[in-house]
2 protein chains.
Amino acid sequence: MTNARRSGPDLTEAIMRTTLELGQELGYAKLSIEAIAARAGVGKHTIYRRWPSKGALLLDSLLSLSESALGYPDTGDLLMDLRTQIYEAVDLLAGPPFSALFKALIGEAQHDPGVAAALNERFIAPQADKTVARLKAARDQDRLSPDFDLDVAMAILSGPLYFRLLITQEPLTHEYVDRILDALFTGLGPRA
Amino acid sequence: MTNARRSGPDLTEAIMRTTLELGQELGYAKLSIEAIAARAGVGKHTIYRRWPSKGALLLDSLLSLSESALGYPDTGDLLMDLRTQIYEAVDLLAGPPFSALFKALIGEAQHDPGVAAALNERFIAPQADKTVARLKAARDQDRLSPDFDLDVAMAILSGPLYFRLLITQEPLTHEYVDRILDALFTGLGPRA
DNA sequence: CAAGAACGGCACGTGCCGTGCCGTTACTGT
DNA sequence: ACAGTAACGGCACGGCACGTGCCGTTCTTG
């Protein structure tokens, strides 16, 4: 008769899975912790014990997807490595089925400092660090000018993508990624 | 004994003013239409009659500030014109006292398509168009290479700024604007 | 000056919040 | 093996803001 009550990490994972599931169905705005608890067959306490807010829960749920997925190759070909890496990230987070939830999460970060900090520490900064490290390796091997500004380069690679994703809300295609990469490395055409 | 009941445009303006006021005090998350109505001495209907949502109300409130403020000079010096324009925009929207509300508005746009569309049509696109137009003028005068990609240039100018504002949440300084402008026009250093 | 729209004030039902309490179940250390 | 404890599901609660009615009053329009 024991109803196979689940425990510990099991539950955590089940809750996160349910969060992504319900989030896709309802959208972030209509997603409620009450509904997640009901769907997951879980008491609300069990959720509140683990996460302080809906945003934190969604953050963990989404990051559990990316943690294993996003590596960073170094084949020696800088441009190709960057392209590979950015394609992966863009496909995972800006494509279906998680694009809307990821955008909502960044939205939540705009008025929840905790979410903002966690998002930075656990996703943005590591990703940026890897990009900068890959650029630095290329510079150290004299494949880039010694005065190449790594941080600005990284911002130019990321900025326009997030601009498209969050502001103009146009689709993030590989073709667009290529245009940014081209602009960064071959320049926008010399001044007359 | 007539209690000087206000009407029409008067009210609209008063509500928007109260929205900005209360928004600064409470932050967007805790800002409620109920509280705005109470503070403004107005029935909730009067607000709902004008705006469909809190986001739409905040959008109008914030845009009423920028509409008159953000011009676009053409002195002939492209770099200086861009710098002037971007400084202005950055100071107005990314500096106190409206930075937090502006960020919250963009956050709202992530799960309210209406707000997203209105934000684009009434603020982002006009601003981008002006930038592109200014760049195009320079290119037409042979101050830029004929194959200078105007749209990508515009994205490289805006993207990193929004990236800083929304993602890494670092302060948007004039110095940072300068670094982006430098990178765009003098390049990041040629490849070895 | 009459008709109607817009107004402020109030009340209502609804949904979700976050918390407290219950009895039950699974883990812990000895 | 077994007691003690922590975590669990379920339920109920007060609180708050939502969005919508209704009322009586005031302003605008023709």
Side-chain angles (χ1 to χ4, degrees), chain A residues 1-19 21-61 101 104-105 107-108 111-115, chain B residues 1-19 21-61 101 104-105 107-108 111-115:
Chain A
M1 260 339 213
T2 42
N3 243 359
R5 177 189 254 173
R6 300 152 302 173
S7 66
D10 234 25
L11 267 179
T12 303
E13 204 192 330
I15 293 169
M16 294 194 300
R17 211 171 23 240
T18 306
T19 300
E21 207 180 287
L22 256 183
Q24 291 174 52
E25 293 176 21
L26 304 177
Y28 182 73
K30 297 190 176 182
L31 181 64
S32 70
I33 290 189
E34 200 130 0
I36 295 170
R39 167 83 64 102
V42 144
K44 283 198 283 179
H45 276 303
T46 307
I47 297 183
Y48 283 113
R49 196 176 295 120
R50 289 169 168 73
W51 295 278
S53 67
K54 185 170 68 158
L57 169 54
L58 180 61
L59 177 74
D60 272 5
S61 305
L101 285 179
L105 178 65
E108 196 64 19
H111 39 75
D112 184 332
V115 169
Chain B
M1 258 340 210
T2 42
N3 243 0
R5 178 187 255 175
R6 300 152 300 173
S7 66
D10 235 24
L11 268 180
T12 302
E13 204 192 331
I15 293 169
M16 295 194 299
R17 211 169 25 239
T18 306
T19 300
E21 207 177 285
L22 256 183
Q24 292 173 53
E25 292 176 23
L26 304 178
Y28 182 73
K30 298 190 176 180
L31 182 65
S32 70
I33 291 189
E34 200 130 2
I36 296 170
R39 168 82 64 101
V42 145
K44 284 197 282 180
H45 276 303
T46 308
I47 297 184
Y48 283 114
R49 195 175 296 119
R50 288 169 166 75
W51 295 279
S53 67
K54 185 169 68 158
L57 168 54
L58 180 60
L59 176 74
D60 272 6
S61 304
L101 285 178
L105 178 65
E108 196 65 19
H111 39 74
D112 184 332
V115 169

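Reminder, nothing fancy here: chain letters follow the sequence lines and each chain counts from 1.
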- [ ] Take A:Leu31 and B:Ala40, find for each the nucleotide of DNA chain C with the closest heavy atom, and name the residue whose nucleotide sits nearer the 5' end.
- [x]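 Result of the comparison: B:Ala40.
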
Task: Note: A:Arg17-A:Glu13 ion pair, threshold 4.0 Å (strictly below) - done: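 Salt bridge between A:Arg17 and A:Glu13, a charged N being under 4.0 Å from a carboxylate O: yes.
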
Starting at [atom1] of [X] and ending at [atom2] of [N], how long is that distance when rounded to a whole Å?
| X | N | atom1 | atom2 | result |
| --- | --- | --- | --- | --- |
| A:Asp10 | D:dG9 | CG | P | 11 Å |
| A:Arg49 | C:dG20 | CZ | P | 13 Å |
| A:Ile36 | C:dC16 | CD1 | C1' | 12 Å |
| A:Arg39 | C:dC16 | CZ | P | 13 Å |
| A:Tyr48 | C:dG20 | OH | C1' | 14 Å |
| A:Lys54 | C:dC17 | NZ | C1' | 11 Å |

Task: Position toward the 5' end of DNA chain D (nearest nucleotide), A:Arg50 or B:Ser53 - done: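 The answer here is A:Arg50.
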
TODO: Compare side-chain N and O positions of A:Thr46 against OP1 and OP2 of D:dG9 and report whether any pair is under 4.0 Å apart.
DONE: yes

TODO: Sort by first number and list every stem of DNA chain D: at least 3 consecutive Watson-Crick or G-U wobble pairs, both distances under 3.5 Å.
DONE: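 Stems found: C:1-30 with D:1-30.
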
Distance in Å, [X] [atom1] paired with [Y] [atom2], rounded so as to fall on 0.5 Å steps:
| X | Y | atom1 | atom2 | answer |
| --- | --- | --- | --- | --- |
| B:Leu59 | B:Met16 | CG | CE | 10.5 Å |
| B:Arg39 | B:Leu31 | CZ | CG | 10.0 Å |
| A:Thr19 | A:Leu101 | OG1 | CG | 9.5 Å |

- [ ] Let me see the working for B:Thr18 and B:Val42 under side-chain contact (heavy atoms from CB on, under 4.5 Å), right down to the final yes or no.
- [x] CA-CA 11 Å; B:Thr18 306; B:Val42 145; over 6 Å; no

TODO: Count the heavy atoms belonging to other residues, nucleotides or ligands that lie under 6.0 Å from CD of B:Glu25, then report whether that count exceeds 12.
DONE: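 Above 12, so yes.
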
TODO: Kindly point out which of C:dC7, D:dG9, C:dC17 is positioned nearest to the side chain of A:Ile33?
DONE: C:dC17

Task: Residue list, side chain to side chain contact (heavy atoms under 4.5 Å, CB included) with A:Ala35, at least two apart or on another chain - done: A:Leu22, A:Ser32

Expected rows: protein N/O vs nucleotides 9-13 of chain C N/O, under 3.5 Å:
none

Open item on the list: Tell me if a side-chain donor or acceptor on B:Lys54 pairs with a main-chain N or O of B:Glu108 at a distance below 3.5 Å.
Closed with: no

Task: Evaluation steps, side-chain contact (heavy atoms from CB on, under 4.5 Å), between B:Trp51 and B:Thr12 - done: CA-CA 10 Å; B:Trp51 295 279; B:Thr12 302; 3.8 Å; yes

